[in-house]
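Fair warning: this is a prediction, and the values are worked out from it, not measured in the lab. All values below were derived from every heavy atom in this structure, side-chain atoms included, with hydrogens, water molecules and symmetry-related copies excluded.
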Amino acid sequence: MAYRQSNESGLPLSNPNYHAANTDPRAMYNDPDEKKAGMSKWIKFGVPVAIVIIVAAVVGGVVGSKASDNNKGNSSSSQQNGGNNGNSGPGGQPNESELASIKSQVGLFATSTNSFNIPIYPSTTNAAAFTTPTFITGDASKLTWPKDPAQFAAQPAPTSVRTDRPRIVAPAYKWEALPNLIANDPYMKAWNDSIIALAQKFDPMDPVPYLIDGGLGKSGVLDVAREVKQRVKAFAYAYKATGQTMWADRAWRELHNASGKGTQPFGEAGNNWNTQHFLDVAEFTAAFAIGYDWLYDVWTDDQKTLIRTAIIDLGLKYGVAAYGGEGYGWWRNVNGNWNCVCNGGLTLGALAILGDDTSGVAEQILGLTVPNAALNCGQGPSTDGTWSETANYWYFGTTAHAEMASSLLSATGSTYDLLDSNPTFADTGRFHIYVSGNQQMFDYGDHGPNKFSTTANSMIFYGSQYNKPVYTLFQRDRPDSHGDPWAIFWYDPAVTGAWWNGLQLDHYFDDPLDVWTSMRSSWTDNTGLYVAMKAGNHTGHQAHGNLDAGDFVIDAMGVRWAGELGSGDYLADGYFSGEDQASERWLYYRTRTEGQNTLVLGHQNQVVSANTPSKFESSGTAQGSSTVFDVPGDSTAYFTTDLTATYSGVSIKRGIRLINGRKQVLLQDDITGATTEVQWRMHTNATIALSGPSATLTLEGKTMQVSILNPPEGAAFQTLAAERYPDDPAFPAGQSDQPNPGVSVLAITLPAGSYNLQVLFNPQWPGMAASDFKTPGFIALDSWSLTSHN
């Protein structure tokens with residue numbers, strides 16, 4: 001079996017299978033020069049990419065070098081729902097003129113990114129710029145979008161659209177205001193420049209060819225569809241922004257080719273967009289909708305007819321059939337990314353051609369997709385905002401959800417409950433913030449296919465729609481905000497403040513589907529400590545989760561020490577066969593319990609459907625306005641979970657906590673009455689030196705000391721290969737596992753029995769003496785408290 005690499009980076013992947021996309025967003029935008037390549041020699045957790053130096057680096061207006069702010073307030077209310085009258089006052093919020101000064105003097109807050117595309121901030125304080133997040137209100141006509149002049153009906157309807165073009169996302173009034181905003185806002189200028197640069201890169205390339213990935217019923221031509229969409233967005237934006245018809249001509253080449261009417265073969269005539277994998281149909285339909293609508297004024301009648309006919313015959317008619325009961329419409333009743341993407345693409349296609357469509361199919365499809373998406377796509381986040389699939393599938397679901405909601409809003413004046421049917425959809429941006437570590441995401445489960453124009457820019461849309469400026473401010477510094485027109489048109493330039501100001505370092509996500517926690521030492525120091533752990537049920541994730549209760553990751557000193565392997569091979573037989581205990585999905589190493597950073601009992605997988613009662617406490621430490629944050633000595637957080645049910649009734653409790661002012665990590669397992677072998681496992685890229693109950697991990701010039709405290713008799717660290725046990729059940733016929741080169745398993749193997757297993761992680765921080773580390777005594781997990789380890 002050939003393993004292929006994502007085209008999103010020429011450097012090693014966490015998953016040598018091409019189907020696993022970037023763990024983190026792309027640097028600036030997808031580099032079209034990167035080709036799908038063979039398996040990388042070395043595996044890394046996540047997808048390191050070339051460091052990006054963000055343009056318009058911080059200049060002026062930054063004073064001080066190490067100031068701390070004692071703001072310990074909650075983040076959910078103080079900085080997200082606040083606002084003011086537009087005048088600088090006791091809260092320190094700038095007025096219009098002060099905001100303009102900040103934009104011109106400070107520029108972009110982040111100065112660069114690390115190798116995993118996490119923004120790097122200067123170690124400074126800036127009382128004027130790094131204020132509490134808010135949207136400035138009042139007369140700020142030079143700094144933000146004008147009011148939409150469209151007159152929508154008092155009772156909007158999806159089939160009643162605005163009279164001017166474009167309709168989708170970016171109406172004419174926004175294009176008219178754009179030049180002034182680009183001239184006055186450094187973020188909008190950077191985004192504009194990056195989109196034009198992307199169009200210029202795509203320009204000399206041949207139209208995207210029809211390349212089938214593993215079979216039409218496997219991954220189909222999804223990459224093709226998303227790359228066409230990415231190109232059409234870039235070309236259409238370039239035309240609208242510059243008026244140069246060369247960009248409309250270049251968009252036409254892509255659309256003509258992908259319609260199946262070009263000179264090159266493009267799929268099966270009449271089903272060119274591949275209903276066997278309906279995501280393909282949806283993304284092609286969205287691409288054609290954007291091209292039809294944004295370039296409406298430049299198309300000839302014949303060109304409009306060709307594009308419109310493709311939207312109808314290759315997209316919308318199959319959408320109606322999907323709702324009529326065709327097997328490829330199974331996605332209608334799921335709450336994951338499939339429902340969002342399929343409904344979203346069909347909706348964009350219908351909105352684009354309303355008024356020109358004489359068949360009636362556009363009106364018909366809107367009567368189906370809009371209410372269905374509110375009931376299903378809208379339920380993608382759990383009750384705590386966690387995306388119900390995985391952290392990476394959040395990108396696909398929220399991009400499609402935001403595209404659909406934004407297009408309905410701009411075209412018809414309403415989102416038809418798409419934003420409101422699930423009251424916790426407003427919290428899914430918080431999930432994305434906390435699942436983002438100092439190095440990479442807590443990237444549990446499947447990572448998904450290549451992202452192309454799929455980004456986290458839904459955060460910018462949700463920031464405005466849910467009045468959560470912290471979402472907008474967080475995303476605007478991320479590299480994947482570049483190269484995407486959605487970032488520009490969803491952005492409210494009246495936003496101000498520092499997203500980290502007042503934001504608590506820890507958060508507990510308590511929905512039983514995916515109970516998990518996120519803890520860290522700083523929001524702006526990428527060399528700081530980040531720890532995350534999850535428990536929860538293994539069902540309800542659209543067959544994208546793993547058997548991973550108790551799984552954890554650790555970042556420290558700019559290195560990920562305990563990491564995730566990423567997706568398995570999406571083309572492997574049985575990989576998506578379901579989530580029941582006997583599913584063939586659980587035969588592959590990367591989904592099995594032994595492929596996670598957790599305990600394995602008797603070489604067996606965890607029970608798929610189990611309740612994992614959990615507890616979390618935090619000192620509530622919040623970072624202030626400065627990017628330099630001194631952690632109080634008593635600042636801490638911990639998470640414990642009872643994994644007994646997922647280990648078939650064997651009493652196992654696991655806990656993780658930050659100690660010594662968030663400088664060390666204690667991981668503890670309380671095990672009672674295990675009747676089979678117990679194995680503690682952690683996957684790492686580090687080089688491991690063993691010394692009985694101690695291990696020294698080295699990676700990228702950094703060192704982590706790991707110790708078993710009060711080790712049980714015979715307990716010692718060992719290193720194992722990242723591969724299945726020899727006695728694991730057989731693969732489906734003809735199948736095998738992906739290799740995991742460069743990954744070692746740090747392990748502890750114990751015979752049946754009862755144990756209190758404490759493992760202490762001591763990052764060797766620069767300037768920290770051996771005497772500065774603390775060695776905690778044993779305290780049973782049931783007795784942990786905020787002060788138990790002081």
Would you say the ring centers of [X] and [Y] fall short of 6.0 Å from each other?
X	Y	answer
Tyr239	Phe235	no
Phe461	Tyr471	no
Trp490	Trp145	no
Tyr237	Trp247	no
Tyr395	His432	yes
Phe396	Trp387	no
Phe425	Tyr462	yes

To the closest 0.5 Å, what do you measure between [atom1] ([X]) and [atom2] ([Y])?
X	Y	atom1	atom2	value
Gln439	Arg560	CD	CZ	8.0 Å
Ile195	Leu198	CD1	CG	8.5 Å
Trp516	Tyr444	CH2	OH	6.5 Å
Asp511	Asp427	CG	CG	11.5 Å
Arg662	Ser635	CZ	OG	3.5 Å

[Y] versus [X], side-chain donor and acceptor atoms under 3.5 Å:
X	Y	result
Thr369	Thr347	yes
Ser619	Thr621	yes
Trp394	Thr428	yes
Asn501	Gln623	no

Is any side-chain heavy atom of [X] closer than 4.5 Å to a side-chain heavy atom of [Y]?
X	Y	value
Asn438	Asp525	no
Asn335	Ser388	yes
Thr125	Ser625	yes
Arg226	Val341	yes
Leu418	His401	yes

Under a 4.0 Å N-O cut-off, is there an ion pair linking [X] with [Y]?
X	Y	answer
Asp506	Arg520	no
Arg476	Asp492	no
Asp480	Lys451	no
Asp185	Lys189	no
Lys233	Asp484	yes

Can you name the nearest heavy-atom pair linking Ala373 to Asn339, along with the distance? CA-OD1, 3.8 Å
Strictly distance-based, threshold 3.5 Å: is any side-chain N or O of [X] a donor or acceptor partner for the main-chain N or O of [Y]?
X	Y	answer
Ser410	Arg167	yes
Glu389	Asn337	yes
Asn184	Leu143	no

Any chance you could lay out the salt bridge (charged side-chain N to carboxylate O under 4.0 Å, His left out) test for Lys534 and Asp514, step after step, and finish with the verdict? CA-CA 7 Å; Lys534 72 180 295 293; Asp514 243 336; 3.2 Å; yes
The ring pair (Phe, Tyr, Trp, His ring centres under 6.0 Å) partner of Trp523 among Trp500, Phe109, Tyr434, Phe629 is Tyr434
Over 60° means perpendicular and under 30° means parallel, so classify the ring planes of Tyr292 and Tyr296, tilted if in between. perpendicular
Assess the residue pair Arg430 and Asp384 against the criterion (salt bridge (charged side-chain N to carboxylate O under 4.0 Å, His left out)); give the C-alpha distance rounded to whole Å, side-chain angles, the decisive distance to 0.1 Å, and a yes or no. CA-CA 9 Å; Arg430 180 175 61 190; Asp384 57 17; over 6 Å; no
